[in-house]
Engineer: 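To start, I am sharing the structure in question, which I have written as C-alpha coordinates.
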Amino acid sequence: AQTVTQSQPEMSVQEAETVTLSCTYDTSESDYYLFWYKQPPSRQMILVIRQEAYKQQNATENRFSVNFQKAAKSFSLKISDSQLGDAAMYFCAYRSTNTGTASKLTFGTGTRLQVTL
Amino acid sequence: DAGVIQSPRHEVTEMGQEVTLRCKPISGHDYLFWYRQTMMRGLELLIYFNNNVPIDDSGMPEDRFSAKMPNASFSTLKIQPSEPRDSAVYFCASSPPPGAGAALFYNEQFFGPGTRLTVL
(Lines give C-alpha, C1' and ligand atoms only; values in the text may rest on other atoms or scores of the structure.)
Protein backbone atom coordinates (compact mmCIF):
# COMPACT_ATOMS: atom_id res chain seq x y z
CA ALA A 1 0.00 0.00 0.00
CA GLN A 2 1.08 3.53 -0.68
CA THR A 3 1.83 5.96 2.12
CA VAL A 4 2.31 9.71 2.09
CA THR A 5 4.31 11.51 4.76
CA GLN A 6 4.34 15.20 5.56
CA SER A 7 6.89 15.72 8.31
CA GLN A 8 6.12 19.39 8.96
CA PRO A 9 2.92 19.81 10.99
CA GLU A 10 3.28 23.59 10.88
CA MET A 11 5.22 26.13 8.89
CA SER A 12 5.37 29.89 8.97
CA VAL A 13 6.40 32.36 6.29
CA GLN A 14 6.46 36.10 6.03
CA GLU A 15 4.40 37.79 3.40
CA ALA A 16 6.25 38.06 0.07
CA GLU A 17 8.78 35.42 1.10
CA THR A 18 9.18 31.89 -0.23
CA VAL A 19 8.35 28.71 1.65
CA THR A 20 8.78 25.03 0.81
CA LEU A 21 6.52 22.30 2.15
CA SER A 22 7.89 18.77 2.20
CA CYS A 23 6.23 15.53 1.15
CA THR A 24 7.61 12.04 0.74
CA TYR A 25 5.78 8.94 -0.35
CA ASP A 26 6.30 5.25 -0.57
CA THR A 27 5.23 3.17 -3.54
CA SER A 28 6.35 0.26 -5.66
CA GLU A 29 4.62 1.63 -8.73
CA SER A 30 6.38 3.42 -11.54
CA ASP A 31 3.48 5.47 -12.82
CA TYR A 32 1.25 7.57 -10.61
CA TYR A 33 0.01 11.09 -9.93
CA LEU A 34 0.91 13.43 -7.11
CA PHE A 35 -1.09 16.40 -5.90
CA TRP A 36 -1.04 19.28 -3.51
CA TYR A 37 -4.40 20.34 -2.10
CA LYS A 38 -5.08 23.47 -0.10
CA GLN A 39 -7.70 23.58 2.65
CA PRO A 40 -8.41 27.10 3.91
CA PRO A 41 -10.50 27.76 7.03
CA SER A 42 -13.61 27.38 4.87
CA ARG A 43 -12.69 23.64 4.73
CA GLN A 44 -13.05 23.53 0.95
CA MET A 45 -10.42 21.26 -0.60
CA ILE A 46 -8.81 23.07 -3.51
CA LEU A 47 -6.40 21.50 -5.96
CA VAL A 48 -3.22 23.58 -6.11
CA ILE A 49 -0.98 21.61 -8.45
CA ARG A 50 -0.48 18.12 -9.83
CA GLN A 51 2.41 16.13 -11.23
CA GLU A 52 2.41 13.06 -13.45
CA ALA A 53 5.20 10.70 -12.43
CA TYR A 54 6.20 9.97 -16.02
CA LYS A 55 6.96 13.65 -16.61
CA GLN A 56 10.43 14.80 -15.64
CA GLN A 57 9.56 18.46 -15.82
CA ASN A 58 8.39 19.95 -12.55
CA ALA A 59 4.87 21.33 -12.60
CA THR A 60 4.27 25.04 -12.03
CA GLU A 61 1.10 27.04 -11.47
CA ASN A 62 1.77 30.75 -11.10
CA ARG A 63 3.40 31.21 -7.68
CA PHE A 64 3.26 27.48 -6.92
CA SER A 65 5.84 25.00 -8.14
CA VAL A 66 6.97 21.54 -7.18
CA ASN A 67 10.31 19.82 -6.87
CA PHE A 68 9.61 16.25 -7.92
CA GLN A 69 12.42 13.82 -7.20
CA LYS A 70 11.17 10.44 -8.37
CA ALA A 71 14.15 8.39 -7.24
CA ALA A 72 13.98 9.92 -3.79
CA LYS A 73 10.16 9.71 -3.75
CA SER A 74 9.98 13.34 -2.77
CA PHE A 75 7.43 15.91 -3.87
CA SER A 76 7.87 19.31 -2.26
CA LEU A 77 5.73 22.39 -2.85
CA LYS A 78 7.30 25.81 -3.19
CA ILE A 79 5.18 28.91 -2.71
CA SER A 80 6.80 32.11 -3.94
CA ASP A 81 5.80 35.62 -3.00
CA SER A 82 3.59 34.31 -0.20
CA GLN A 83 0.29 36.06 0.36
CA LEU A 84 -2.01 36.20 3.36
CA GLY A 85 -4.52 34.17 1.37
CA ASP A 86 -2.06 31.29 1.18
CA ALA A 87 -2.60 30.57 4.86
CA ALA A 88 -4.21 27.14 5.00
CA MET A 89 -3.65 23.44 5.54
CA TYR A 90 -1.78 21.87 2.67
CA PHE A 91 -2.17 18.20 1.87
CA CYS A 92 0.04 16.11 -0.32
CA ALA A 93 -1.77 13.25 -2.05
CA TYR A 94 -0.93 10.21 -4.16
CA ARG A 95 -3.04 8.54 -6.80
CA SER A 96 -2.20 5.25 -8.47
CA THR A 97 -2.74 4.56 -12.14
CA ASN A 98 -3.37 0.87 -11.56
CA THR A 99 -6.84 -0.03 -12.73
CA GLY A 100 -7.93 -1.44 -9.39
CA THR A 101 -6.93 1.56 -7.34
CA ALA A 102 -6.79 4.22 -10.01
CA SER A 103 -9.31 6.45 -8.39
CA LYS A 104 -8.18 6.37 -4.77
CA LEU A 105 -6.34 9.32 -3.28
CA THR A 106 -3.99 8.70 -0.36
CA PHE A 107 -3.41 11.84 1.67
CA GLY A 108 -0.63 12.94 3.97
CA THR A 109 -1.43 14.35 7.40
CA GLY A 110 -1.12 17.94 6.25
CA THR A 111 1.02 20.99 6.96
CA ARG A 112 -0.55 24.08 8.45
CA LEU A 113 0.94 27.17 6.82
CA GLN A 114 0.81 30.51 8.60
CA VAL A 115 1.56 33.70 6.71
CA THR A 116 2.72 36.65 8.80
CA LEU A 117 3.01 40.33 7.98
CA ASP B 1 -21.68 24.15 -12.88
CA ALA B 2 -22.34 24.58 -9.17
CA GLY B 3 -19.71 22.07 -8.16
CA VAL B 4 -20.21 19.22 -5.75
CA ILE B 5 -23.08 19.96 -3.40
CA GLN B 6 -23.31 18.56 0.09
CA SER B 7 -26.04 18.87 2.67
CA PRO B 8 -26.35 19.66 5.42
CA ARG B 9 -23.27 21.81 6.01
CA HIS B 10 -23.51 21.27 9.74
CA GLU B 11 -25.24 18.53 11.70
CA VAL B 12 -25.50 18.19 15.44
CA THR B 13 -27.15 15.09 16.80
CA GLU B 14 -27.30 12.95 19.88
CA MET B 15 -25.67 9.61 20.28
CA GLY B 16 -27.83 6.80 18.98
CA GLN B 17 -29.61 8.88 16.36
CA GLU B 18 -29.52 8.16 12.66
CA VAL B 19 -27.60 10.62 10.52
CA THR B 20 -27.88 10.95 6.77
CA LEU B 21 -25.41 13.00 4.74
CA ARG B 22 -26.19 13.87 1.15
CA CYS B 23 -24.13 14.59 -1.92
CA LYS B 24 -24.83 15.71 -5.45
CA PRO B 25 -21.82 15.21 -7.73
CA ILE B 26 -20.91 17.35 -10.69
CA SER B 27 -23.00 16.44 -13.71
CA GLY B 28 -21.18 14.04 -16.01
CA HIS B 29 -18.83 12.76 -13.34
CA ASP B 30 -19.10 9.03 -12.91
CA TYR B 31 -16.87 8.58 -9.86
CA LEU B 32 -18.06 9.59 -6.42
CA PHE B 33 -16.04 9.43 -3.22
CA TRP B 34 -16.83 9.80 0.47
CA TYR B 35 -14.03 10.94 2.78
CA ARG B 36 -13.86 11.55 6.51
CA GLN B 37 -11.51 14.07 8.08
CA THR B 38 -10.54 14.04 11.75
CA MET B 39 -7.65 15.51 13.66
CA MET B 40 -6.46 12.09 14.72
CA ARG B 41 -6.68 10.24 11.42
CA GLY B 42 -6.55 12.98 8.82
CA LEU B 43 -8.38 12.42 5.53
CA GLU B 44 -9.61 8.88 5.00
CA LEU B 45 -11.40 7.44 2.01
CA LEU B 46 -14.51 5.63 3.20
CA ILE B 47 -16.01 4.38 -0.04
CA TYR B 48 -16.18 5.20 -3.71
CA PHE B 49 -18.59 4.50 -6.53
CA ASN B 50 -18.19 4.20 -10.26
CA ASN B 51 -21.33 4.52 -12.36
CA ASN B 52 -23.41 4.22 -9.18
CA VAL B 53 -21.78 0.93 -8.20
CA PRO B 54 -19.71 0.72 -5.00
CA ILE B 55 -16.18 -0.23 -6.01
CA ASP B 56 -14.26 -0.14 -2.75
CA ASP B 57 -15.83 0.16 0.68
CA SER B 58 -12.81 -1.07 2.62
CA GLY B 59 -12.55 2.28 4.36
CA MET B 60 -16.02 2.10 5.89
CA PRO B 61 -15.27 1.84 9.61
CA GLU B 62 -18.03 -0.54 10.66
CA ASP B 63 -21.51 -1.78 9.92
CA ARG B 64 -23.07 1.35 11.36
CA PHE B 65 -21.94 3.11 8.20
CA SER B 66 -23.65 2.59 4.87
CA ALA B 67 -23.58 4.44 1.57
CA LYS B 68 -25.82 4.36 -1.45
CA MET B 69 -25.90 5.89 -4.87
CA PRO B 70 -29.37 5.30 -6.33
CA ASN B 71 -28.64 7.40 -9.42
CA ALA B 72 -25.88 9.41 -11.06
CA SER B 73 -26.84 12.64 -9.35
CA PHE B 74 -27.28 11.61 -5.73
CA SER B 75 -25.52 9.72 -2.98
CA THR B 76 -26.08 9.29 0.74
CA LEU B 77 -23.86 8.30 3.63
CA LYS B 78 -25.80 7.03 6.60
CA ILE B 79 -24.66 6.38 10.14
CA GLN B 80 -27.00 4.37 12.33
CA PRO B 81 -26.67 4.52 15.28
CA SER B 82 -24.30 7.46 15.56
CA GLU B 83 -21.60 7.67 18.23
CA PRO B 84 -19.50 10.59 19.50
CA ARG B 85 -16.40 9.17 17.80
CA ASP B 86 -18.15 9.66 14.46
CA SER B 87 -17.78 13.42 14.90
CA ALA B 88 -15.78 14.64 11.91
CA VAL B 89 -16.01 16.53 8.65
CA TYR B 90 -17.33 14.35 5.86
CA PHE B 91 -16.40 15.24 2.31
CA CYS B 92 -17.91 14.11 -0.92
CA ALA B 93 -15.86 14.36 -4.12
CA SER B 94 -16.51 13.49 -7.74
CA SER B 95 -14.32 12.81 -10.72
CA PRO B 96 -14.99 12.61 -14.44
CA PRO B 97 -14.41 9.49 -16.54
CA PRO B 98 -11.05 9.13 -18.27
CA GLY B 99 -10.74 9.44 -22.01
CA ALA B 100 -10.66 11.95 -24.81
CA GLY B 101 -11.87 15.34 -23.76
CA ALA B 102 -11.79 14.45 -20.11
CA ALA B 103 -8.23 13.20 -20.06
CA LEU B 104 -7.04 16.52 -18.77
CA PHE B 105 -9.19 16.03 -15.71
CA TYR B 106 -8.80 12.28 -15.40
CA ASN B 107 -6.77 12.57 -12.30
CA GLU B 108 -8.59 15.36 -10.49
CA GLN B 109 -11.20 14.95 -7.82
CA PHE B 110 -13.50 17.88 -7.12
CA PHE B 111 -14.47 18.21 -3.49
CA GLY B 112 -17.67 19.47 -1.95
CA PRO B 113 -17.65 21.91 0.98
CA GLY B 114 -18.00 19.14 3.55
CA THR B 115 -20.48 18.38 6.32
CA ARG B 116 -19.34 18.98 9.86
CA LEU B 117 -20.95 16.30 12.02
CA THR B 118 -21.04 16.58 15.80
CA VAL B 119 -22.44 13.68 17.79
CA LEU B 120 -23.10 14.55 21.42
Side-chain angles (χ1 to χ4, degrees), chain A residues 1-10 23 25 27 29 31-55 59 61 64 66 68 75 88-112, chain B residues 2-6 8-10 23 25-26 29-51 53-60 88-99 102-117:
Chain A
Q2 294 82 23
T3 58
V4 178
T5 302
Q6 292 179 250
S7 59
Q8 305 155 316
E10 290 191 9
C23 173
Y25 57 93
T27 184
E29 299 172 339
D31 196 17
Y32 46 85
Y33 298 103
L34 296 164
F35 307 85
W36 279 98
Y37 278 87
K38 171 184 177 181
Q39 187 179 38
S42 66
R43 298 200 312 261
Q44 183 79 43
M45 292 288 285
I46 303 164
L47 179 66
V48 174
I49 198 165
R50 65 171 175 245
Q51 175 81 40
E52 291 89 345
Y54 63 85
K55 290 187 177 179
E61 287 287 342
F64 298 87
V66 299
F68 174 50
F75 182 61
M89 281 287 286
Y90 286 82
F91 292 94
C92 180
Y94 174 103
R95 183 167 176 172
S96 170
T97 59
N98 286 337
T99 302
T101 59
S103 297
K104 294 176 65 170
L105 276 174
T106 301
F107 286 91
T109 51
T111 297
R112 182 173 300 282
Chain B
V4 176
I5 299 172
Q6 290 186 248
R9 293 294 306 277
H10 303 273
C23 175
I26 294 172
H29 287 191
D30 63 353
Y31 284 92
L32 184 138
F33 308 82
W34 282 101
Y35 291 89
R36 178 173 68 176
Q37 185 179 32
T38 61
M39 288 293 292
M40 292 296 294
R41 301 175 67 92
L43 270 160
E44 304 172 277
L45 177 66
L46 300 178
I47 185 172
Y48 79 92
F49 296 82
N50 180 218
N51 291 320
V53 176
I55 302 301
D56 185 349
D57 65 354
S58 60
M60 296 286 264
V89 180
Y90 291 81
F91 286 99
C92 177
S94 69
S95 181
L104 179 65
F105 305 105
Y106 166 66
N107 49 351
E108 180 173 354
Q109 293 182 16
F110 295 79
F111 283 75
T115 295
R116 179 177 292 280
L117 172 65

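Small disclaimer: the values here were computed from a predicted structure and weren't measured. Naming convention: chains lettered A, B, ... in sequence-line order (proteins, then strands); numbering from 1 in each chain.
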Engineer: Under a 4.5 Å heavy-atom cut-off, does chain B meet the side chain of A:T106, its backbone, both or neither?
Structural biologist: neither
Engineer: Measure the CG-OH distance between A:L105 and B:Y35 for me, rounded to the nearest 0.5 Å.
Structural biologist: 4.0 Å
Engineer: Strictly by salt bridge (Lys or Arg N to Asp or Glu O under 4.0 Å), give each pair with a member in residues 35-48 of chain A just once, sequence neighbours left out.
Structural biologist: none
Engineer: Enter the distance from B:L43:CG to A:M89:CE here, rounded to the nearest 0.5 Å.
Structural biologist: 8.5 Å
Engineer: Could you state the interatomic distance from CG (A:L47) to CZ (B:F111), rounded to the nearest 0.5 Å?
Structural biologist: 9.5 Å
Engineer: Just verifying a value: how many Å separate A:F35 CZ and B:Q109 CD, rounded to the nearest 0.5 Å?
Structural biologist: 7.5 Å
Engineer: Need one label for B:S58: side chain, backbone, both or neither, based on atoms under 4.5 Å from any heavy atom in chain A.
Structural biologist: side chain
Engineer: If I measure from the heavy atoms of chain B, does A:Q6 come under 4.5 Å with its side chain, its backbone, both, or neither?
Structural biologist: neither
Engineer: Find the distance between CZ (B:F110) and CD (A:Q44) and round it off to the nearest 0.5 Å.
Structural biologist: 11.5 Å
Engineer: Does anything in residues 33-42 of chain B pair up under salt bridge (Lys or Arg N to Asp or Glu O under 4.0 Å), and if so which pairs, sequence neighbours excluded?
Structural biologist: B:R36-B:E44, B:R41-B:E44
Engineer: Minimum heavy-atom separation for A:R95 and B:S95, please, with both atom names.
Structural biologist: NH2-OG, 3.9 Å
